[in-house]
**Q** 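Once you've had a glance at the structure underneath, I'll fire off some questions.
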There are 2 protein chains.
Amino acid sequence: MTLMEQPTVYLVDDEPAIRKALARLLRVAGFHVVAHASCEEFLHEYDPQTPGCLILDMMLPGLNGDELQKYLADNGSSLPIIFVTGHGDIPMCARAIKSGAVEFLTKPVDADALLRAVDEAIKYDSENRRSLVDVSAIKRRHSLLTPREQEVLIHVVDGKTNKKIAAELGTVEKTIKVHRARIMEKMEAGSLAELVRLAMQLGIGRPDSRCC
Amino acid sequence: MTLMEQPTVYLVDDEPAIRKALARLLRVAGFHVVAHASCEEFLHEYDPQTPGCLILDMMLPGLNGDELQKYLADNGSSLPIIFVTGHGDIPMCARAIKSGAVEFLTKPVDADALLRAVDEAIKYDSENRRSLVDVSAIKRRHSLLTPREQEVLIHVVDGKTNKKIAAELGTVEKTIKVHRARIMEKMEAGSLAELVRLAMQLGIGRPDSRCC
DNA sequence: TTGGAAATTGGACCTTAGTCCAATAAGGCC
DNA sequence: GGCCTTATTGGACTAAGGTCCAATTTCCAA
């Protein structure tokens with residue numbers, strides 16, 4: 001597994017001097033740094049499994065910083081981003097942070113501010129990954145359910161009795177009992193209460209029935 | 001009830017000309033506007049029950065804009081804030097938005113941008129109030145439970161059987177059954193699944209047991 | 001064509017949960 | 001001292017959930 005790996009600080013800036021200086025600063029502070037000159041280059045190497053954060057210049061040849069931010073967000077990435085820009089203005093800053101950026105710094109970069117931001121970003125990322133791992137484990141178990149079992153699960157966490165579920169699915173109580181037992185086993189739930197909580201994390205259950 | 005009231009746009013700026021201009025702009029756009037010259041004046045009149053948002057200047061005599069933001073946050077208010085400032089810089093913008101501000105605009109204010117921000121803020125506020133109302137209704141029902149019933153509830157939503165709960169609380173199964181029935185009645189839960197979901201919204205149950 | 005997963009059902013039996021009626025005991029309040 | 005809430009318990013009974021063993025049917029893929 002790659003879970004307990006040391007976090008990587010990705011750095012994307014087209015000016016070699018800045019790249020070198022920031023990389024050095026971060027390495028001295030004990031971080032593992034991977035630097036790129038463009039977003040395209042970064043995307044080519046980036047593995048979403050890797051924990052860490054991204055220090056990103058806004059003005060870049062090719063894909064810009066804010067475009068990369070949007071691209072990553074659209075692709076489900078939650079890599080925390082710290083913007084570092086030479087020609088930033090307030091609307092740009094507001095947009096970046098509203099879109100989820102952890103920090104927005106201007107050049108010349110204040111070393112302390114950057115290190116504080118990196119610490120915050122990495123902390124944020126690790127907490128986020130922990131909960132993502134939890135949910136993905138539940139999803140994995142849920143995927144082991146047969147289509148019919150998934151269907152029964154929805155009714156079970158809705159609080160219906162086996163008899164009622166059977167009637168709605170056009171079968172008998174006995175059948176539902178069997179499905180139910182399999183569901184508890186495959187979902188590794190020790191009780192109905194636990195099953196309900198697991199299902200909630202998958203968005204199954206009442207609070208989402210309001211969608212109709 | 002004050003629930004379906006029309007939202008109020010609060011406006012705090014020490015410059016009478018700006019106050020007048022912005023208030024006029026907002027009223028023309030159909031909003032109900034209440035303007036004040038200082039944070040102290042605003043706090044004196046503000047009723048947290050009122051839905052709406054706050055357009056706030058940063059530099060003010062007495063309490064500053066960011067200080068009011070912190071004060072409101074510390075006091076559990078979720079009134080959305082739109083900052084409008086004449087001498088803002090990027091760090092100030094970043095801090096304000098990271099602290100939850102909806103938007104950070106600079107003077108002279110762009111009318112379209114302000115109206116867009118107000119729309120967004122009011123939408124955000126109304127959604128937020130809706131979920132707050134839901135949770136407070138559950139809290140109210142929970143407060144009707146006797147101490148003993150609240151204790152039993154914790155064990156019930158943990159998925160334990162009546163027999164086990166009785167053993168842990170030093171009583172017999174029959175007693176727990178009675179408590180349990182009262183709990184279902186008072187919490188207005190139609191099934192165990194529903195009770196578990198209600199309890200979760202109050203922070204009762206497994207996910208929070210990790211606190212110890 | 002055949003082996004296997006998925007879905008279904010039966011029967012017997014045990015454990016839990018829920019319900020209705022009734023009753024006791026302790027502590028607080030007017 | 002009465003009155004009320006809270007917490008407790010008993011008995012009897014019904015309903016629902018869970019378990020073990022066993023069996024059938026359908027459909028898909030090797």
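Values below: every heavy atom of this structure, side chains too, minus hydrogens, waters and symmetry copies. Below, read A as the first sequence line, B as the second, and so on, with proteins coming before strands; counting in each chain starts at 1.
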**Q** Rounded to the Å, how far apart are I176(B) CD1 and dT8(D) P?
**A**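 In whole Å, dT8(D) P lies 7 Å from I176(B) CD1.
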**Q** How many angstroms lie between atom CD of E127(A) and atom OG of S131(A), to the nearest 0.5 angstrom?
**A**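 The OG atom of S131(A) is 8.5 Å from CD of E127(A), to the nearest 0.5 Å.
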**Q** Starting the side chain at C-beta, find the nucleotide from dA7(C), dT16(C), dG10(D) nearest to T146(A).
**A**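 Of the options given, the side chain of T146(A) lies nearest dA7(C).
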**Q** Can you see if the side chain of K163(B) gets near the phosphate of dT16(C) - specifically, an N or O under 4.0 Å from OP1 or OP2?
**A**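 Yes, within the criterion.
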**Q** Check R27(B) against V33(B) and note the closest heavy-atom contact, atom names and distance.
**A**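 That closest heavy-atom pairing would be NH2-O, 3.1 Å.
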**Q** If the test is side chain to side chain contact (heavy atoms under 4.5 Å, CB included), which one of L54(B), D57(B), V84(B) qualifies with V12(B)?
**A**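 Exactly one option meets the side chain to side chain contact (heavy atoms under 4.5 Å, CB included) with V12(B), and it is L54(B).
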**Q** Using a 4.0 Å heavy-atom cut-off across all strands, classify T175(B) as base, sugar-phosphate, or nothing.
**A**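 Contact class for T175(B): base.
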**Q** Tell me whether the OP1 or OP2 atom of dT16(C) has a side-chain N or O from N162(B) closer than 4.0 Å.
**A**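 No, because none of the side-chain N or O atoms of N162(B) sits under 4.0 Å from OP1 or OP2 of dT16(C).
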**Q** dT8(D), OP1 or OP2 - any side-chain N/O from H179(B) closer than 4.0 Å?
**A**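 So the side chain of H179(B) is within the cut-off, an N or O lying under 4.0 Å from OP1 or OP2 of dT8(D).
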**Q** Measure CD1/I183(B) against P/dG18(C) and give the value in whole Å, please.
**A**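 Answer to the nearest Å: 10 Å.
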**Q** Given dG10(C), dT8(D), dT16(C), identify the nucleotide with an atom nearest to the side chain of V172(A).
**A**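 From the listed options, dG10(C) comes nearest.
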**Q** Can you tell me how far apart CD (E103(A)) and CZ (F83(A)) are? Round to the nearest 0.5 Å.
**A**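 It is 11.5 Å, given to the nearest 0.5 Å.
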**Q** Nearest to the side chain of T161(A), which nucleotide is it out of dT16(C), dT19(C), dG17(D)?
**A**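 Closest nucleotide to the T161(A) side chain: dG17(D).
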**Q** Starting at the 5' end of DNA chain D, which residue's closest nucleotide do you reach first, K174(B) or E149(B)?
**A**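 Counting from the 5' end, the first nearest nucleotide belongs to E149(B).
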**Q** Separation of L192(B) atom CG from dA16(D) atom P, in whole Å?
**A**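 About 15 Å, once rounded to whole Å.
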